[in-house]
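Input: a single structure, listed below in structure tokens.
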Amino acid sequence: MSPVRVRFAPSPTGFFHIGSARTALFNWLYARHMGGVFILRIEDTDKERNSDAFLNLIYASLNWLGLNWDEGPKVGGNGGGDFGPYRQSERGAVYKKYVDQLLANGRAYEKDGAIWFKLLGDRYEVFDEHRKKTVTKVTLPPVVMADAIRGRVERLEDEDFVIVRSDGNPVFHLVNVVDDIAMQVTHIIRGEDHLSNTSKHVHLYDGFGVKPPAFAHIPLILKQNGPGKMSKRDQGALIEEYQRRGYLPEALVNFLCLLGWNPGDDREKMPIEEIIRLFDLPSVNQSNARFDDKKLAHMNLGYLLALTPDDFVGRARAYFSRVGVSGVAAALALAASADYFREVMLLCQPKIKGMDELPTYSGYFFNDDFEIDPKVREKVLGKGDPLACWQELLAALPTLDFSSDLAIEDGIKALALSRGRGFGDYQPVARLAVSGMAAGPSITGMFRVLGRDRVMVRMSRFGAV
RNA sequence: GCCCUCAUCGUCUAUCGGUUAGGACAGGAGAUUCUCAAUCUUCAAAGCGGGGUUCGAUUCCCCGUGGGGGCACCA
């Protein structure tokens, strides 16, 4: 049996979005599951709308998601292969050869300067109400497709169609089929929006005398709010955005897998190896799925909490590096010692919901000139006996044991006991004085990481304001 | 308008003729707690409608309805 060869064939005419990513992902999963080949083919025949920036975005996004391609343009460690070139703009000669074949065997003809594919059957004219013009139709049986996800699909294709434009450029249907033949693609996994095109494609395969590959049309991702499928203009649609916001790619991939597929049981958060092992075409859903950013965020949190300390700190540093140029907090964080940075990050890991919270959440650890939120100040000072607590705590700091969170907690509790208070009486004002914020890591951890000197300075300064 | 396609909680989904219709996210309540989260417990929440087939339909078939996609010398 010949090995499975699948391809992802994006066109560099816009930002790389969720829908494309999932199509790429399902192709990649199937290839990996079957031990086959994942091909990246760039469909850049639309000269007007192509751009190198979008092309590079495709490479960058696939890399970020971990969807490495075995054949395709050589980028990083990816690509190569014996069926290139893998950019359609460089395959003109191939298309010409195939078109000539059609012309020679009578399955294509010229009209109005363009080349049309010829359907086999009797022709008749009819007025098309929708398009407001007379069209020539062909009497022939419908195309029957065996879709791996949808089962049997039947559709009548009864009009000849253009395969090469009058300007000499081949159209999508032609190049798509030619390349799938030339690159020996065995399974075409693509969005359901292509289902109606498939009848044309099957006729083309027939014209070339080639048995069509297997088709698998995956359901579409619907936009979170409002009607219709998700497009690159919709909120949360761009892969780039998740990358920028510090989402973990493995979380996004896991989430995307669950949009239209499931392992057959209740499991959701799964390592990619397990997903590869279980993934298969028949288990892909048939109905469209609505995008849900809350669930994605939850998935991201799950992965975030599960990161090992070293991994988390490394990724946090990478995130700070990326935003560093534009953020003061990030720049200061990067300037701190590696040990201190690590301690701060590990304090924050269990508390944040995403990497993008890190600069704000941890800013005061690195910046002594942090601002005190006036609203928080008002709230904290308006409750209980905060100033007395502040003074008592300040006085106790020089002798407080800073050796561990527990020691700090015991120390403050002892103080509280001696004054007839509770730990909770000191916490709000201490947090305000030391961080300026209403929420954050445990006050004991915060004290320990900042160290006695910094805590003292901040506590003292608080009274002066 | 024509063609294709889909249909279980608000959302993602399990069920492959017989279940108290399960899980997850979101939402409500409670527990825990030094803030905020997280976590744990818990509550509420679904088979689009109508016909069949069958001893029995969420499940199979048909018709409606609703959603989605397509109908170019775009991809």
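Chain naming here is simple, since letters A, B, ... match the order of the sequence lines and numbering starts at 1 in each.
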- Looking across every strand, which nucleic acid part, if any, lies under 4.0 Å from Arg290(A) by heavy atom: base, sugar-phosphate, or nothing? sugar-phosphate
- Nucleotide nearest Lys353(A) when distance is taken to its side chain, options rA75(B), rC25(B), rA37(B): rA37(B)
- Task: May I ask you to establish whether Arg22(A) and Phe26(A) are in a cation-pi arrangement, using a distance under 6.0 Å from NZ or CZ to the six-membered ring centre and at most 45° from the ring axis?
- Result: yes
- Query: Does Asp373(A) pair with Lys375(A) as a salt bridge, N-O distance under 4.0 Å?
  - Reply: no
- Would you state whether a donor and an acceptor, one from the side chain of Ser199(A) and one from the base of rC3(B), lie under 3.5 Å apart? no
- Query: Is Asn285(A) touching bases, backbone alone, or none of the nucleic acid, heavy atoms closer than 4.0 Å?
  - Reply: sugar-phosphate
- Message: Of the options rC34(B), rC3(B), rC25(B), whose atoms approach the side-chain atoms of Ile443(A) most closely?
- Response: rC34(B)
- Ion pair Glu357(A)/Lys351(A), N-O distance below 4.0 Å: no
- Does the distance from a Lys or Arg side-chain N to an Asp or Glu carboxylate O, for Arg190(A) and Glu43(A), drop under 4.0 Å? no
- Task: Check Trp69(A), Phe16(A), Phe54(A) against Tyr59(A) for a ring-ring contact (aromatic ring centres under 6.0 Å, His included) and give me the one that passes.
- Result: Trp69(A)
- Message: Please classify the nucleic acid contact of His217(A) as base, sugar-phosphate, or nothing, using heavy-atom distances under 4.0 Å.
- Response: nothing
- Item | Test: Lys269(A) cationic atom under 6.0 Å from Tyr303(A) six-membered ring centre, within 45° of axis | yes
- For nucleotides rU13(B) and rA45(B), find the distance between their C1' atoms and express it as a whole number of Å. 15 Å
- Working to the nearest 0.5 Å, report the span between CG of Leu417(A) and CD1 of Ile412(A). 13.5 Å
- Message: What contact category does Ala289(A) fall into here, base, sugar-phosphate, or nothing, at under 4.0 angstrom with non-hydrogen atoms?
- Response: sugar-phosphate
- Message: Strictly below 4.0 Å: does Asn262(A) bring a side-chain N or O up to OP1 or OP2 of rA14(B)?
- Response: yes
- Which of Phe117(A), Phe172(A), Phe215(A), Phe161(A) passes ring-ring contact (aromatic ring centres under 6.0 Å, His included) with His201(A)? Answer is Phe172(A)
- Which base, if any, makes a Watson-Crick or G-U wobble pair with rU65(B), both distances under 3.5 Å? rA7(B)
- When we call it a touch if two heavy atoms are under 4.0 Å apart, what does Ile115(A) touch: a base, just sugar-phosphate, or nothing? nothing
- Name the nucleic acid region contacted by Pro428(A), choosing base, sugar-phosphate or nothing; use a 4.0 angstrom heavy-atom cut-off, strictly under. nothing
- Distance between the P atoms of rU32(B) and rA46(B), in whole angstroms? 32 Å
- If we take the C1' atom in both rC12(B) and rG64(B), what is their distance in whole Å? 28 Å
- Task: For rU5(B) and rA26(B), measure between their P atoms and round to the nearest Å.
- Result: 36 Å
- Item | Any Lys229(A) side-chain N or O less than 4.0 Å from OP1/OP2 of rG70(B) | yes
- Which listed nucleotide (rG69(B), rC34(B), rA75(B)) is nearest to the side chain of Phe423(A)? rC34(B)
- Could you give the distance separating rU59(B) and rG18(B) at their C1' atoms, to the nearest angstrom? 11 Å
- Message: Can you tell me whether the side chain of Ser166(A) and the base of rC73(B) have a donor-acceptor pair closer than 3.5 Å?
- Response: yes
- Task: For rA75(B), take OP1 and OP2 only and decide whether either is under 4.0 Å from a side-chain N or O of Thr45(A).
- Result: yes
Polar pairs (N or O, both sides) under 3.5 Å between protein and nucleotides 5-9 of chain B?
unit_1	atom_1	unit_2	atom_2	d
rU5(B)	O2'	Arg150(A)	NH1	3.1
rU5(B)	O2'	Glu192(A)	OE2	3.1
rC6(B)	OP1	Gln286(A)	NE2	3.4

- Item | Distance, P atom - from rA44(B) to rG23(B), rounded to whole angstrom | 12 Å
- Pairwise P distance for rG30(B) and rA37(B), with rounding to whole Å: 15 Å
- Message: Checking contacts here: which listed nucleotide (rA75(B), rC36(B), rG69(B)) is nearest the side-chain heavy atoms of Val171(A)?
- Response: rA75(B)
- Task: Determine: side-chain N/O of Lys295(A) to OP1/OP2 of rA24(B), distance under 4.0 Å, yes or no.
- Result: no
- Is it true that Lys229(A) and Glu192(A) have a side-chain N and a carboxylate O under 4.0 angstrom from each other? no
- Pairwise C1' distance, rC34(B) and rU41(B) [rounded to whole Å]: 23 Å
- From rA75(B), rG68(B), rU35(B), nucleotide with atom closest to Leu220(A) side chain: rG68(B)
- Message: Counting only side-chain heavy atoms from C-beta out, which of rG67(B), rG70(B), rA26(B) sits nearest to Leu222(A)?
- Response: rG67(B)
